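Read through the structure below, which is laid out as structure tokens, and then see the notes.
This structure is a prediction, so every number in the text was calculated from the model and none was measured.
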Amino acid sequence: MTIALFLTILTSGAIIAGLMTEALKKTFDNAEIKYSPNIIALITSIVVGGGGTAVVYILAKIPFTVENVVCLVVMIVLMWIGAMVGYDKLVQTVKQILGE
């Protein structure tokens with residue numbers, strides 16, 4: 001896996017994982033279901049980060065070598081971190097820019 005491909009997957013996946021995490025949190029809030037935001041972010045990151053990276057590997061015919069599997073696991077962790085803090089910080093920044 002090249003660095004460019006890794007960063008492309010990370011960027012697009014982090015956006016998707018963050019949005020899915022926020023959507024699930026809003027859904028659970030509306031249904032008044034208790035949940036742990038970190039666990040929601042972790043599950044979303046496993047699906048988007050791990051699943052998305054695996055799909056890219058398959059479509060690009062990238063072999064599942066030890067190095068590529070390590071990249072897949074690192075991708076899950078980085079997306080988990082991004083999903084936990086990314087959306088909230090983005091909303092906060094936009095509100096500050098708009099002066100709200």
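Residues Met79 and Val73 do not share a hydrophobic cluster, defined by chaining ILVMFWY side chains whose heavy atoms lie under 4.5 Å apart. When the side chains of ILVMFWY residues are joined at heavy-atom separations under 4.5 Å, either directly or via intervening members, Trp80 and Ile16 end up in a single hydrophobic cluster. Following chains of ILVMFWY side-chain contacts shorter than 4.5 Å, one can reach Leu10 starting from Met1, so the two form part of one hydrophobic cluster.
Evaluation of the side chain to side chain contact (heavy atoms under 4.5 Å, CB included) rule for Ile33 yields Phe28, Ala31 as partners, not counting sequence neighbours. Listed by chain and number, the residues in a side chain to side chain contact (heavy atoms under 4.5 Å, CB included) with Val74 are Phe6, Val70, Leu78 (sequence neighbours excluded).
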Compile the donor-acceptor pairs under 3.5 Å between side chains in residues 35-44 and protein atoms, sequence neighbours left out, one pair per line.
unit_1	atom_1	unit_2	atom_2	d
Tyr35	OH	Asp29	OD1	3.0
Tyr35	OH	Asp29	OD2	3.4
Thr44	OG1	Ile40	O	2.8

Distance-only donor-acceptor pairs under 3.5 Å for side chains of residues 48-59, two or more places apart:
unit_1	atom_1	unit_2	atom_2	d
Thr53	OG1	Gly49	O	2.6
Tyr57	OH	Asn68	O	2.6

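Applying the ring-ring contact (aromatic ring centres under 6.0 Å, His included) rule to pairs touching residues 7-27 yields nothing, sequence neighbours excluded.
In the displayed structure, Ile3 atom CD1 is contacted under 6.0 Å by at most 12 heavy atoms of other residues, nucleotides or ligands.
Side-chain contacts under 4.5 Å among hydrophobic residues (ILVMFWY), followed directly or transitively, place Val47 with no other residue at all.
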